[in-house]
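Before any comments, here is the structure.
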Amino acid sequence: MTRTRTLGIATVAGTGALLALGVAPASAADTATVSVLHAVPDTPVDVYANGERLIDDFRPGTLTDPLSLPAGSYDLALFPADAPDGSGTPLLSADGVAVPAGANATVVAHLSADGQPALTPFVNDTSAVPAGQGRVVVRHTAAAPAVDVRAGGQVIVPGLTNPDEAALEVPAGTVSADVVVAGTTTVAIGPADLAVTEGATTIVYAWGSEASGYELAVQTISGAHSAPSGVPGGTAGLADSAADTALPLPLIGLSALGLLGAGVAARRLATTRG
């Protein structure tokens, strides 16, 4: 089953939190675009930035609208939903997360391959794609071993592990895709129809766990561009396209013993594609 929900109040809530922090609105040149995906099953949370609540009652499977945040350093924390404001021990946290001007990123709260809560930032590629093409990015954020991603029954991304990603440029159109356990035909998620929009980046997240079920979340970013001519019709030829290994970001384990490493790894938001 595919579940993609948008938190319509996220932008308003984010703006209110930033005003509460005393952060003045900044020009576009001084801001970054950040989205947040909640992919930890069965765990509604409140999201805090620099000690102020940014998102209230954030539900699993929810992807926020893009938040325009002033560039700077942020201390992020996730608390159980409706807990006293900013008190107690957070479920996840990362201090000193660098948000550079002009960046486009998605921060994902999810489970590691062995089922531990994790917080991973991904840099979103918004560079241009050829005419008639769209970019598809697949991100493994589920409590599961390596998987193969298939289109039309053929493997297009083999052996993808948590929390890595893979990217392809493919003809715009619709493709039926599913996720199987690596090296097998055992379907874990799908099949689901995926719409690939010309000039856009379509990001597919595999998330969840065996106990709660595996699901997909889809994010579309319109920052990529392509020429207006040469748009092919029909179904996207994903199976005929070569997969490029996208920027891999290491797992950010947020156990009590891993907080120091998490603070360093979270700074990957400052890294752009080479």
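The model shown is predicted, which means the values in this text are computed figures rather than measured ones.
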Please say yes or no: joined through hydrophobic side-chain contacts below 4.5 Å, possibly via intermediate residues, are [X] and [Y] part of one cluster?
X    : Y    : result
V149 : V175 : yes
L92  : V34  : yes
V179 : I156 : yes

Going by heavy atoms in the side chains, are [X] and [Y] under 4.5 Å from each other?
X    : Y    : value
P60  : D42  : no
T120 : R139 : no
V147 : Y214 : no
V107 : L119 : yes
L160 : V138 : yes
P90  : L78  : no
L194 : T202 : yes
W207 : P41  : yes

Check: [Y] main-chain N/O paired with [X] side-chain donor or acceptor under 3.5 Å:
X    : Y    : value
H140 : P145 : yes
D75  : N50  : no
D178 : I189 : no
S112 : A118 : no
S209 : A143 : no
D148 : G183 : yes
D46  : A81  : no

Original post:
Remaining members of V180's ILVMFWY cluster at a side-chain heavy-atom cut-off under 4.5 Å?
Top reply: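 Once heavy-atom contacts under 4.5 Å are chained together, V180 belongs with V187.
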
Original post:
Do the rings of H38 and F58 sit parallel, tilted or perpendicular, given the 30° and 60° boundaries?
Top reply: tilted

**OP:** Could you tell me whether the side chains of N124 and T106 share a donor-acceptor contact shorter than 3.5 Å?
**Re:** yes

**OP:** Go through the side-chain N and O atoms of T185 and R150 and say whether any donor and acceptor fall under 3.5 Å apart.
**Re:**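 Their side chains do not contain a donor-acceptor pair, so the 3.5 Å distance test is not met.
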
Restricting to non-hydrogen atoms, name the atom on [X] and the atom on [Y] that form the minimum distance, rounded to 0.1 Å.
X    : Y    : value
Y74  : A49  : CD2-CB, 4.2 Å
A98  : P100 : O-CD, 3.4 Å
V196 : G134 : CG1-CA, 3.9 Å

